[in-house]
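Worth knowing before you read on, the calculation uses all heavy atoms, side chains too, and leaves out hydrogens, waters and symmetry mates.
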Amino acid sequence: MANELKGKKMLLLGATAPMCEIVKEAQSLGATVYATDYLENSPAKKVADRSFMVNAVDVDAVVQLCRDEGIDGVFTGYNDTLLPYLQKICEKLGTPFCGTEENVRMCIDKELFKKACIQSGVPVVPWVDATKENYKEVIRDVKVPVVVKPADYSGSNGVYKCYDKEKLCGMVEQALSYSKAGKVLIEKIMDVDKEVSAYYMMYQGECYFAAMGDRYVNVIDPEIAPVGRGMLYPSIYQDTWIKKMDSRIRKFFRDNNMRDGFAFIQGFYDTENDDFYIHEIGYRLNGGFTYDIIRHFSGYHQMHELIRFALTGKMDEDALAKSNPNFDGLGMIVTISIKEGVIGKISGVKEIEQLPGILRFHQLHHEGDALTAHGTTAQVFAYILCGVRNKKELDAVLSGIREHLVILDDQGNRMIRDVIDPATIQVKE
């Protein structure tokens, strides 16, 4: 509701391009939004009401800024990096925060998360851990193929797939370079075509199952993390998840004192065992803007609820009760990833935005931007969100995206890696 947070001041930690959405949504609720990080030209600073050059990881400086400006709540999104600092800042200020120091640490450290899952009866992808001190000894007994990843990463940074034992040592060393904790996980390789994500809202200990999707990927390099092509809702495995996993996940939240906020759980469906194996958690907004899909089908805005909580300590229980993963139709986040280079020309965006079934076109890069990422979420050009009634309408939307969107580099070469083919999509009966 417009102006319901009028008079409230929210500080946003970090001001990258995706954070612009947070600024706009908070402003739509009437809040005054402040943004801070150490960069002068951060995109979200341009749309915020006020901005500052205080480094978001300087806890004492941010706390002082909040006291000087009369800030009512502090917020961040889409990345694990700033969560520990946000928790400390909110604790010192006495402002609302979704989570505790312990469960924030557990959600960032992938091995702590796995161990917590096991304690709650949640099956996880098998793994061994290695550190800077012992990795050469650990990998002697490791059988390939495996996935090597930093224990404390996000955005697919430092993730490698190893099929050749002779390359394992080098990949572990590369993954270690991304880990602040100096630790990597070496995991069993799972079927990338059966990866799922489940989304939950929590408020005052009550848990709401909001959505579940199937991830589609494009393997551009067998030795790095695959590039996302899209996420389809509802998942074809959703009924099995409700039967086998939902109660386990709710127990996991209770066991770890996760009473408020939003969490997404990622894992794989294993056909042979007819069960799921979990490998990731995010205790924050996810980068694919899933809340727009949920808003379309369930009628409430998850980000608004999280902003309300940051500023008032409250959410709308009636709104959360609308959560229902059994969407009346199909939702899809179409991920557009591009190759390295300088973006020279973009065309077709307006035509795509006018297609029936398009909810939002979240464009993250623009003409003149230089892309150097390879195998990480930083190479995502846009997330295109769709909401349709059936597979026929979805096919039409995807065909329209494939027809209209053109991205060229400054040399005139095509930059789009892939747009998902409608023929490859399987929908829930």
Side-chain angles (χ1 to χ4, degrees), residues 17-18 155-156 192-197 213-222 224-236 286-290 292-293 296 329-367 369-428:
S156 297
V192 296
D193 292 325
K194 292 182 173 60
E195 186 173 5
V196 299
S197 290
D214 296 322
R215 188 182 186 218
Y216 288 81
V217 300
N218 177 21
V219 180
I220 61 173
D221 183 333
I224 62 173
V227 175
R229 297 163 65 205
M231 185 76 76
L232 181 70
Y233 308 86
S235 168
I236 61 173
N286 66 308
F289 305 100
T290 307
D292 276 333
I293 298 285
H296 176 74
L330 300 171
M332 188 161 196
I333 302 173
V334 182
T335 307
I336 306 297
S337 297
I338 59 178
K339 302 173 185 177
E340 298 92 328
V342 177
I343 301 175
K345 182 179 180 181
I346 302 167
S347 61
V349 174
K350 290 183 179 179
E351 290 83 355
I352 292 170
E353 289 178 328
Q354 294 171 3
L355 292 173
I358 293 292
L359 305 178
R360 293 287 301 277
F361 193 112
H362 285 284
Q363 185 173 333
L364 304 179
H365 296 288
H366 301 82
E367 292 179 0
D369 288 356
L371 274 292
T372 59
H374 185 65
T376 75
T377 54
Q379 67 193 47
V380 176
F381 168 78
Y383 294 105
I384 307 175
L385 278 67
C386 315
V388 296
R389 291 175 295 182
N390 51 49
K391 179 67 161 54
K392 182 178 180 181
E393 291 184 2
L394 180 61
D395 289 353
V397 172
L398 296 177
S399 296
I401 294 172
R402 291 166 65 90
E403 175 186 353
H404 293 294
L405 188 61
V406 176
I407 307 171
L408 304 177
D409 65 18
D410 55 356
Q411 304 299 313
N413 301 307
R414 297 180 67 88
M415 297 186 75
I416 297 176
R417 288 194 178 277
D418 180 44
V419 178
I420 191 166
D421 183 348
T424 65
I425 293 175
Q426 184 179 359
V427 303
K428 185 177 185 295

I'd like to know whether Leu359 forms a side-chain contact (heavy atoms from CB on, under 4.5 Å) with Cys386, so could you lay out the CA-CA distance, the side-chain angles of the two residues, the decisive distance to 0.1 Å, and finally the verdict.
CA-CA 5 Å; Leu359 305 178; Cys386 315; 5.7 Å; no
Hey, mind stepping through Asp292 and His362 against side-chain contact (heavy atoms from CB on, under 4.5 Å) and telling me if it holds?
CA-CA 10 Å; Asp292 276 333; His362 285 284; 2.8 Å; yes
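Taken to the nearest 0.5 Å, the CE atom of Met415 stands 8.0 Å off from the CG atom of Asp410. Within the model, atoms NZ of Lys345 and CG of Leu408 stand 6.5 Å from one another, a figure rounded to the nearest 0.5 Å. Separation of atoms CD1 (Ile420) and CG (Asp418) is listed at 7.5 Å; rounding is to 0.5 Å. Distance check: Leu385 CG to Ile333 CD1 gives 5.0 Å after rounding to the nearest 0.5 Å. Note that CZ of Arg360 is 9.0 Å distant from CD of Glu353, once rounded to the nearest 0.5 Å. Atom CD1 in Ile352 sits 7.0 Å away from atom CD1 in Ile336 (nearest 0.5 Å).
Closest approach of Val196 to Ser235, counting heavy atoms only: CG1-OG, 4.0 Å. Taking each heavy atom of Met231 and Ser197 in turn, the nearest pair found is CE-OG, 3.6 Å. Taking all atoms of both residues into account, the shortest heavy-atom contact from Pro18 to Leu364 is CG-CD2, 4.2 Å. Of all non-hydrogen atoms in Ile346 and Val349, the two that sit nearest each other are CG2-CG2, 3.8 Å. Taking every heavy atom of both residues into account, Leu355 and Val397 meet most closely at CD1-O, 4.0 Å. Considering all non-hydrogen atoms of both residues, Ile425 and Leu232 come closest at CG2-CD2, 3.5 Å.
Two residues are said to be in side-chain contact when any heavy atoms from C-beta on lie closer than 4.5 Å; Met332 and Tyr233 fail this criterion. The shortest distance between side-chain heavy atoms of Ser347 and Leu405 does not fall below 4.5 Å. Counting only heavy atoms from C-beta outward, the side chains of Ile384 and Ile358 approach each other to under 4.5 Å. Side chains of His365 and Ile407 form no contact here, defined as non-hydrogen atoms less than 4.5 Å apart. Inter-residue side-chain proximity for Leu394 and Pro422 is flagged as unmet; no heavy-atom pair is nearer than 4.5 Å. Side chains of Gln426 and Tyr216 form a contact here, defined as non-hydrogen atoms less than 4.5 Å apart.
Applying the side-chain hydrogen bond (donor to acceptor under 3.5 Å, both in side chains) test to every pair with at least one member in residues 395-407, sequence neighbours left out, gives these pairs: Lys391-Asp395. For residues 335-355, there are no ring-ring contact (aromatic ring centres under 6.0 Å, His included) pairs, not counting sequence neighbours.
For Asp193, the side-chain hydrogen bond (donor to acceptor under 3.5 Å, both in side chains) test picks out no residue, with sequence neighbours left out. Residues satisfying the ring pair (Phe, Tyr, Trp, His ring centres under 6.0 Å) test with Tyr383, not counting sequence neighbours, are Phe289. Not a single side-chain hydrogen bond (donor to acceptor under 3.5 Å, both in side chains) links His296 to another residue, sequence neighbours left out. The side-chain contact (heavy atoms from CB on, under 4.5 Å) search around Asn286 returns Tyr199, Phe262, Phe264, Thr290, not counting sequence neighbours.
Listed for the Asp214 side chain is a donor-acceptor partner under 3.5 Å among the backbone atoms of Ile236. With hydrogens and angles ignored, the 3.5 Å screen pairs no side-chain donor or acceptor of Gln379 with any backbone N or O of Glu340.
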